[in-house]
J.: 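Pasting a structure here, questions to come.
In what follows, residues are counted from 1 in the order of the sequence shown. Atom set for the values below is all heavy atoms of this structure, side chains included, hydrogens, waters and symmetry mates excluded. Just follow the structure's listing: the first ligand is 1, and inside any ligand the first atom is 1.
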Amino acid sequence: MNTANKNKPLLITIATSHYCEKVRWAMDSLGIDYVEENHAPPFHRQYTSRYGGTSVPVLFIDGKAFTDSQDILHYLDTIVPNQLYAQDPELRQQAETLEALFDDKLGVATRNWAYYYAIQQPWSILAAWSKGISWMEKVKSAIAFPVSTKIIKQKYNLTLEGKEAAVQNIREVFDIVNQKVNLGQKYLLGDRFSATDITFAALASLAIRPEHHPFYNSQLAKLPTEMVALVEELRATPAGELVMRMYREHRH
Ligand SMILES: N[C@@H](CCC(=O)N[C@@H](CS)C(=O)NCC(=O)O)C(=O)O
């Protein structure tokens, strides 16, 4: 980080991570200026560990470090209150329950599902991890790549059974959101855009590929047929339409 930026919040990311997109979107929507530093796995750990984290995103802000996307959004809510979360205690409780469901079930499932296919075209993973990283890290990333892919295969259970379980979890979370949208709700909680919409849309974005996403291509031509079938199925649901509308109307 250069001296000109040393007073800005620092967001450490893997550029294409959907948990990082969740935080980036929250910061952008609040108008908070920050510096984003991209890394490729496993080299991100060299940087996140300085702040006590293993995964990305990590946010260093106001002299404090946050190593989980939900903790980050909660802290941002103390800086710019009443934007990301409603003050009403009941709505706030519902927001936290939904956010935990999206973080723990949906985000994990969409990532495992996408990696299952990506691992079959390993160079696409290397290209995705390389976004925004230094030349030196690109070289290290290419050398370490065979080992890195072996690790993610085990870590994310990239087997046929693992992929099928991921698809089931995605459908289950979409069913819950479909029921809410079918009640005529424009947003997932209350009557305005909030952290709940950001979290659902960002973590679902891997399986929806909405327009206006900073990294994912909404054109599906290069994806395997089986992936396209699920994306098209999900896009046609009320929850999928909500993701596309949130990106269209709220991701600038
Ligand atoms: N619960 C965490 C999950 C973050 C997460 O799983 N990040 C992934 C990228 S999508 C990661 O850093 N993986 C690499 C690692 O764990 O070493 C959060 O919400 O921040």
J.: Please determine if Glu21 and Arg24 form a salt bridge, counting it only when a charged side-chain N lies under 4.0 Å from a carboxylate O.
T.: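 Looking at Glu21 and Arg24, the cut-off is met.
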
J.: I'd like the contact residues of ligand 1, where contact means a heavy atom below 4.0 Å.
T.: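 Lining ligand 1: Ser17, Tyr19, His44, Arg45, Thr54, Ser55, Val56, Pro57, Asp68, Ser69, Arg111, Lys155, Tyr156.
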
J.: Please enumerate all residues that pass salt bridge (Lys or Arg N to Asp or Glu O under 4.0 Å) together with Glu99, with sequence neighbours excluded.
T.: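 Glu99 satisfies salt bridge (Lys or Arg N to Asp or Glu O under 4.0 Å) with Lys22 only.
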
J.: If you compare all heavy atoms of Glu211 against all heavy atoms of Tyr247, which two are closest, and at what distance to 0.1 Å?
T.: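 Result for this residue pair: O-CB, 3.4 Å.
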
J.: Kindly determine whether Phe174 and Phe200 satisfy ring-ring contact (aromatic ring centres under 6.0 Å, His included), including the steps that lead there.
T.: CA-CA 9 Å; Phe174 266 66; Phe200 178 65; 5.3 Å; yes

J.: Between Glu164 and Gln168, is any side-chain donor less than 3.5 angstrom from a side-chain acceptor?
T.: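 Glu164 vs Gln168: no donor-acceptor pair found between side chains.
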
J.: Would you please classify the geometry between the Trp25 ring and the Phe193 ring as parallel, tilted or perpendicular, with 30° and 60° separating the classes?
T.: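 Phe193 vs Trp25 ring planes: tilted.
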
